[in-house]
Student: 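Okay, here's the structure, questions in a sec.
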Amino acid sequence: MLLLAVPSQFYKEWLRAHHFGLIEQAAREVAGRQVGVRLKVEAPDHASENDAAEGHAPETSASERERETVQRVRRAPQRQSMPPAPNTRAAGKHPGFQHGERVGDSALNDQYTFGCFIRGDCNELAYSAAVAISESPLSSTYNPFLIYGGVGLGKTHLVQAIGNAVKGEDGTRRVYYTSSENFTSQFVRAIQRNEISAFSDFYRHIDVLIVDDVQFFGGKEKTQEEFFHVFNALHQRGGQLVLSADRAPKEIDGIEERLLSRFRWGLTADVQPPDLETRTAILQHKAEVSDVEVPHEVISFIAQRVTSNIRSLEGALNRLLAYGRLNKVTLSVEMARVVLRDIIDDTPSRIEVSDIQEAIAEHFDLDVHLLSDKTRKRYVAEARQLAMYFSKRFTDHTLKEIGLRFGGRDPSTVIHACQRIEDLMETGAAFLAQVEEARQMVRLKA
Ligand code: ADP
Ligand code: MG
């Protein structure tokens, strides 16, 4: 993370409004990767130098001031071991909950910012609401704010982005990120150690409480009850609650109605799997901030094939980037096919009978036309049967359609081919290995 010290709140807001994107970009270029940027108000060393700035922030002196500010930059540790819920009452009174191992793993990850979150139709409402909340966290009308959706779709990223944005604003707000599991284990430990009042007090005095994956509260009655009270106390004080779940609240088993009804007080927004455009944009963004050149065809190759969620999308790109870096080679679609073969969707509908025929012909080292030919030579017949078998397994075509594509053969021939291959697979490991090898070829072609 890059921590920029600025002399006043005014500087901070002004920099944020006018130059934040540029600073983020510069930091990224220098570091060669995405770097979270935080602005922090720090009393100036020479007050007189900065006093004048308070009154006017004209465009003219902008760059000068920015330079001054940047000179005061210092690199913060990679990942802050966060003293959760900084400063003030709760933390002061109960240092155990501030620094102890009990909350040690609940730090916000400063990589999760709005700046590196790509919006699309799939996350529009969740994103807009998250931004709105981060802008006025203590007077938002979306309280609680609950984001739900499947794994790897950006829920944790978004809720943490709220936390990072609010925390970054002036550092005086008590922002605390935790998962429902962490909350649960803290609670259980607090009971065991007879520290319930410290626990409750800590949670009740947070300004923005973020609880990830609340579905894990399901079935935990005592924890839910405690959370219910925390919720009420915080809400009453005007504190913001930000929650996430892997499904719609009403579908979570074992959550008490009274807690569910609290969840409904505010705004619930879902995140959906990303469409092709969003997938492409995410990959493009991630490729840009990397040190490896990723050709556009490679991006669209991945975007078309890795469709389930954003985590897999990232995983695929990262693997390819690592491969490119280690081998110092230019990335290509051919390489992506090989490097990503086990994560790329093995989706039957995308493979065509002709792809299979080509792969098999290559594997058996024969002319692809022979597969549709009348020849009954044993070697060719076997290859043809295997190709038919794969066509049945990997495509949506009917037996009739498959027969037609193999020189107008009868559907019964296709059935016979499939049966024979299956029988052969049962009889010998050698044949199985051959099928497996051929299957790999087919997949590579697809
Ligand atoms: P979830 O909590 O829904 O399981 P995460 O927030 O952990 O998902 O997201 C998985 C990964 O995908 C993270 O690395 C996150 O940064 C990334 N990601 C998710 N959505 C987006 C997005 N819209 N733009 C950029 N990166 C995203
Ligand atoms: Mg998550």
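Order of listing sets the numbers, starting from 1, for every ligand and every atom in it. Because only heavy atoms are used, hydrogens play no part in the values below, and waters and symmetry mates are left out as well, while side chains stay in. Note that the coordinates shown come from a computational prediction; the quantities given were computed from them, not determined experimentally.
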Student: CG of L320 to CZ of R325: how many Å apart, nearest 0.5 Å?
Tutor: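 Reported to 0.5 Å precision, the distance equals 10.5 Å.
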
Student: Would Y203 and Q186 count as having a side-chain donor-acceptor pair, cut-off 3.5 Å?
Tutor: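 Distance-only check passes for Y203 and Q186.
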
Student: What pairs meet the ring pair (Phe, Tyr, Trp, His ring centres under 6.0 Å) rule with one or both residues in residues 234-253, with sequence neighbours excluded?
Tutor: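 Output for this query lists F231-H235, H235-W265.
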
Student: Atom CZ in F216, atom OG1 in T184: separation rounded to 0.5 Å?
Tutor: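 Here the rounded value is 10.0 Å.
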
Student: Would you say L158 and F145 make side-chain contact, with heavy atoms under 4.5 Å?
Tutor: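 No, too far: nothing below the 4.5 Å cut-off.
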
Student: Answer with yes or no after comparing the ring centroid distance for F217 and F183 against a 6.0 Å cut-off, counting only values under it.
Tutor: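 Judged by ring-centre distance (under 6.0 Å), F217 and F183 do meet the cut-off.
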
Student: Could you work out, with salt bridge (Lys or Arg N to Asp or Glu O under 4.0 Å) as the rule, every residue matching E124, not counting sequence neighbours?
Tutor: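 Here the qualifying residues are R119.
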
Student: Do you see a donor-acceptor pair shorter than 3.5 Å between the side chains of S244 and D212?
Tutor: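 Yes, D212 and S244 have a side-chain donor paired with an acceptor closer than 3.5 Å.
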
Student: Under 2.8 Å from the Mg ion (ligand 2), how many protein N/O/S atoms do you get? Just the number, please.
Tutor: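 Counting protein N, O and S atoms closer than 2.8 Å to the Mg ion (ligand 2) gives 1.
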
Student: Just by distance, do the side chain of N327 and the backbone of Y323 share a donor-acceptor pair under 3.5 Å?
Tutor: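 Looks like yes, one N/O pair under 3.5 Å.
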
Student: With a 4.0 angstrom cut-off on heavy atoms, strictly below it, pick out the residues next to ligand 1 and order them by chain and number.
Tutor: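 Lining ligand 1 at under 4.0 Å, by heavy atoms, one finds Y112, C116, F117, I118, N123, G150, V151, G152, L153, G154, K155, T156, H157, I282, K286, I310, R311, E314.
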
